Structure formats: structure tokens, C-alpha cells
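All of these numbers come straight from a predicted model, not from anything done at the bench. For ligands, and for the atoms within them, numbers begin at 1 and follow the listed sequence.
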Amino acid sequence: MAPRDVARAAGMSAGVRALAKGVVGTVLALGAVLLLRTATFPGPDELPDWGQAGTSRIPAQFSETERTAMKEALKEAIRMPTVAFSSENINTTALAEFGQFLPKVFPSMFSTSFIHHEVVEEYSHLFTIRGSNPKLEPYMLLAHIDVVPASEDGWEVPPFSGLERDGFIYGRGTLDNKNSVMAILQAMELLLRRNYVPQRSFYISLGHDEEVSGKHGAQKIAALLESRGIRLSFIIDEGGYIFDSFFSGIEKPFAVISVSEKGGMNLMLQVDSAPGHSSAPPKETSIGILAAAVSRLEQTPMPNMFGDGPEKALLEQLAGQFSFPLNVILTNLWIFGPIMKRILEKTPVSNAMIRTTVALTMFNAGIKVNVIPPTAQATVNLRIHPAQTIPEVLEIIQNIVADDRVQYQVLSVFNPLPMSPYDSDAFGYQLLRRTIKDVFPEVTAVVPATCIGNTDVRHFANISTGLYRFNPVILQPQGFNSFHGLNEKISIQAYETQVMFLFELIQNADVEKVPVPHSATHDL
Ligand SMILES: CCCCCCCC/C=C\CCCCCCCC(=O)N[C@@H](CCCCN)C(=O)O
Ligand SMILES: [Zn+2]
Ligand SMILES: [Zn+2]
């Protein structure tokens, strides 16, 4: 997926407003005769306090020396170019160096009696942290060490320099995802140095090939845990963020926890035809036939599945953040659902949330300028909406192409992920929600979503039903554009906040049940 598309969603507000103007007359007219619900949600103060689990809480206060050390450690991590180009081509030298670096910066993680460290498939790392209360089901914090490639072109500083400038650390991996790798270990290291012993056991899993498949890292770790009969209460990975200034109708930042994830398919389409002299071309060549076929795919959107995923809950729970008339529209999707369904199609990110997407990503054909091409091949990358199945999608594709001369080959495929619970009993979701409230008081809504990209947590579906994707980082459109793009950077303050969030979350997990208000699925 192209994360930068999210930034384009900023333009959605204009489209939404234009369409909203069109419906406002209808709203007012209908409002006279219908009793429309308006958004009323509990404020942050209405959330009950944490119950303390019998131990004293360690305050998230870090000394100047610790703060300097944590930012220097992140810079050093960025300087190791742990680039994954493909499953077969990963910078294993940098990954090995990274493995040697970890015990140097996080010595307590490697010398504490209740922590066990394992290297999986040479470059991935699994830490088992044994809690004092075996009755509490363990959980996992997940991140990945590998990064996507970055050339120096267009960067303000070299992408693997880890340079600090104007309060930011620059470099590939500062947001995706060495910030999480380092913040998780950093938070636990700081807790250990304060003699913390968790009550709830947990795992820290650091994969080394997420950007190319996760099959050697996360997938192997998941298989290892499954073979040991381990079940996890919940797992937290990347893939949800705190969005700020993305929509002009919403002034305050809101947190998105992805509770599901689209499936994926790489499908190759091929047309073969007889080669020959280009001076006497046939009416159609393999290139022309295939180009027409993929053009039909591009022009014919897959069905709009709005209402069958968490998108509806997302909008309903965001309603209170908008002003009139959007707040009324979003609170009354029972009547305005069909209009929203169309509005959401207007921008790439919201469109990706409501349907299976088809991206034409590769096209290969032709062998010489004056030879009729014997073969044309195109590869399309599909992201499958959780309400659809792989066979359904394949059938729709074939019906759209509607040409027997086109052959299909599924190069790789996986199902959409099931929806993880986000009700008041969902421990992992409520733990995140509560910790967001504690650490980001400016965030007034926490909403569920489908992750439109793929993450390593999908490999763990056999050992947990609570798969959540959330990074405690506030992203503005420019920051989102830098994922896999130019000038990826994190402010030192944002990184410290991420460490603080994990420091709090690990301690918050030491309860049997997270206290939640009645309207637990609504905003804070
Ligand atoms: C009305 C407000 C709506 C805001 C909703 C935003 C929803 C945001 C959901 C997800 C954010 C995107 C997070 C993307 C993480 C993607 C990580 C990634 O790039 N993964 C790769 C994995 C490649 C593995 C090899 N096949 C990918 O997806 O391509
Ligand atoms: Zn990532
Ligand atoms: Zn990535």
C-alpha cells in the first residue's frame, strides 16, 4: 500500500463539505419530522481510574542522562542500514550488527533472570518476560527491524546518518519501525533499572523481514510459539496512529486502532499470441489485449462494502469531533449511510477502507521494436476487504476482464484478517484506549479501523484473537508521506513520548481487567 495516500485524504474534507452542503437542506427538512440523534459522548474525566494491582506504580520520569542516552541509541539504530530489498536480498550484515548492538544499549534486557532472549532465523529476536502472576494471560509487543530502501536523492540529510536537526532525528526507520523496536526495549530497560517485575508475562517480538513478507521473521516466531502451545491475550503492532490535521472538520487529533487488516493477492495476467513481423501486424497484439483487460480492471471498482467492516463504527465514533452538519450526518448513518458510502469513495484512503482495491503495479511485454510480442504480462496487487473472500474476488476479476485470451496466475495470496474485538470486554483494545487517554490527553477520540496495508501481526492469528495495530505517534500528513518516502523523521519529544507510552502500557497491563465506562466503544 502507499501510506502517502492517507495524506491525500486531507482533501477529503473539502469533498465531504461540498457533499454535506448538498445534503444539509435534506437534513434540516427531515430534522423537522425525524428525531435525529446527536453525538453525545463521555468526556475524558468520565473514565474511571485504574485499579492498582497491589504494587506501587513507577512514575514515567526520565533523567536528563537517560533522555540523552535514549535518543543517542535511536540514532545509532538508524545508522545500521537494515534494508530489505526482497525476501532473498536483505542486508544481513547490518541485521547481524543490529543483533550485537542490542545487549550493549539494553544490558538489563539480557541479564535479568526472568527474561529469556532467543534469536530466531539468525536475525529476528524474541524476548520472553516472565510475570509474577501466571493467572494473567500473556501478551506481545511487536515491531520490525528491517526498513525499506532509501537513496540519498531528495533527502535533506543522508537517510542512514541518524542526524539530529531542529529537534528531529532523521532517517529511514525513524517512523517505520525502528522507533518501535527501540522504544519497546528502552521502556522495559528503564523499568528494569527501577526494579520493576511485571505481573503479566509478555513477549517482545522483533522481526527482520516485515517489509518483504515476514515469512522468515514474524511467521517463524509465531510458529515457534504455537508449537509451544502458547496463547496470547492480545498483540500490539504498527498500523494505526494518532492522526492530526488530516481533516479540516476535525480540530483535535484522534487515535486510530486498526482491529483488522485487508487480505492481499498478487495476480499475474498473461496474454500469448503468435510472434511475427511488425510490418504486417494483426488486428490485436498481446500487448493491446492485455492493456485493454487491465484498463477495464482499473476503470471498474470492486463492490463498495461500506457497513460490513469497522468503517461504520469509525465514523459513528468520530461524529462528535465534527461540527454541524457532519456530526448529525455521521451520528445518523441509519439514514445517511448511502450518502456516506458514496462520499467515502472519493479519496484513495477512504476508498481503500470500503472496498477491495486493485492496483496495476507491473507490466512486461515485447522483445524488439519490430517483432509482434509473443507474450504480455501484467501484475496486479489486490488488497482484499475483510468482508470478501479470495474466490469471490477472483470471480469478479474474471468477470470484469471477460476475455478468454487472458490467463491468470496467483503469485501469492492471503485472506483478510478477522476483526479483533473492540467492545468493553476487549482487554487489549481497552488497555490501549486507556493508555492513550493517560499519555495523550489532547486526543479526544479513539476509533477502530481496518488497516489498509499489511503488518507482521497477521502471522499471529493462530495464537491470538486480539490483534491490534497502533503506534503511539502523532502523525500529520507530511509525516505520513515520509513512510517509505523522503525525509522520514521523528521529533525527539515524540520518541520520548513513545517510550513513556510503553512504560505506562506495560505497567497498565498488570491488571486483570481494564476499567471502562459503559460507552466503551465511543470516544473518550
Ligand atoms: C476517516 C478517517 C480515516 C482514517 C483511517 C486511517 C486508516 C489507517 C489504517 C492504516 C494505516 C496504514 C498503515 C500502513 C502500514 C503498512 C505497512 C506496510 O507497508 N506493509 C507492507 C507489507 C509488505 C509485505 C510484503 N507483501 C504492505 O502493506 O505493502
Ligand atoms: Zn513497518
Ligand atoms: Zn513499511
Does the side chain of Thr356 pick up a donor-acceptor pair with the side chain of His385 at under 3.5 Å?
no
Heteroatom test (N, O or S) for Asp456 near the Zn ion (ligand 2), limit 2.8 Å
no
Min N/O separation Asn454 to ligand 1 under 3.5 Å:
yes
Glu210 near the Zn ion (ligand 2) via N/O/S, less than 2.8 Å:
no
Below 30° counts as parallel, above 60° as perpendicular, anything between as tilted: where do the rings of His125 and His117 land?
parallel
Leu314: heavy atom below 4.0 Å from ligand 1, yes or no?
yes
Taking the N/O/S atoms of Asp176 one by one, which is nearest to the Zn ion (ligand 3)?
OD2
Ser491 OG to Gln498 CD distance, which is reported to the nearest 0.5 Å:
10.5 Å
Vertex the Zn ion (ligand 2), rays to OE1 in Glu238 and NE2 in His144 - rounded to 10°
110°
Kindly identify the option in Val256, Thr450, Asp237, Ile250 whose heavy atom sits closest to atom 9 (C) of ligand 1.
Thr450
Numbered atoms and elements of ligand 1 in range of Gly453, under 4.0 angstrom, heavy atoms
28 (O)
Taking the side chain from Gln407 and the backbone from Met268, do they hold a donor-acceptor pair closer than 3.5 Å?
no
Considering Glu210, Met353, Lys215, Arg458 one by one, which has a heavy atom nearer to atom 4 (C) of ligand 1 than any of the others?
Met353
Could you check whether any side-chain heavy atom of Tyr468 comes within less than 4.5 Å of a side-chain heavy atom of Leu142, counting everything from C-beta outward?
no
By atom name, which N, O or S atom of Glu211 is the nearest to the Zn ion (ligand 3)?
OE2
Counting heavy atoms only, which of Glu211, Arg383, Glu311 is nearest atom 27 (C) of ligand 1?
Arg383
Looking at His484, which atoms of ligand 1 are within less than 4.0 Å of one of its heavy atoms?
19 (O)
Would you kindly say whether Tyr408 and Gln398 are connected by a side-chain donor-acceptor distance under 3.5 Å?
no
Check the orientation of Tyr429 and Tyr422. Use parallel for under 30°, tilted for 30 to 60°, and perpendicular for over 60°.
tilted
Run the numbers for me: atoms of ligand 1, each under 4.0 Å from some heavy atom of Cys451, listed by number.
9 (C), 10 (C), 13 (C)
Under 4.0 angstrom from ligand 1, any heavy atom of Thr455?
no
Nearest heavy atom to atom 8 (C) of ligand 1 wins, so pick from Phe243, Tyr241, Phe483.
Phe243
Looking only at the side chains, is there a donor atom on one of His144 and Glu238 sitting less than 3.5 Å from an acceptor on the other?
yes
Rounded at 0.5 Å granularity, tell me how far NE2 in His484 sits from CG in Leu175.
10.5 Å
Check whether the ring centres of Tyr241 and Phe483 lie less than 6.0 Å apart, and answer yes or no.
yes
Near Val212 (heavy-atom distance under 4.0 Å), the atoms of ligand 1 are 25 (C)
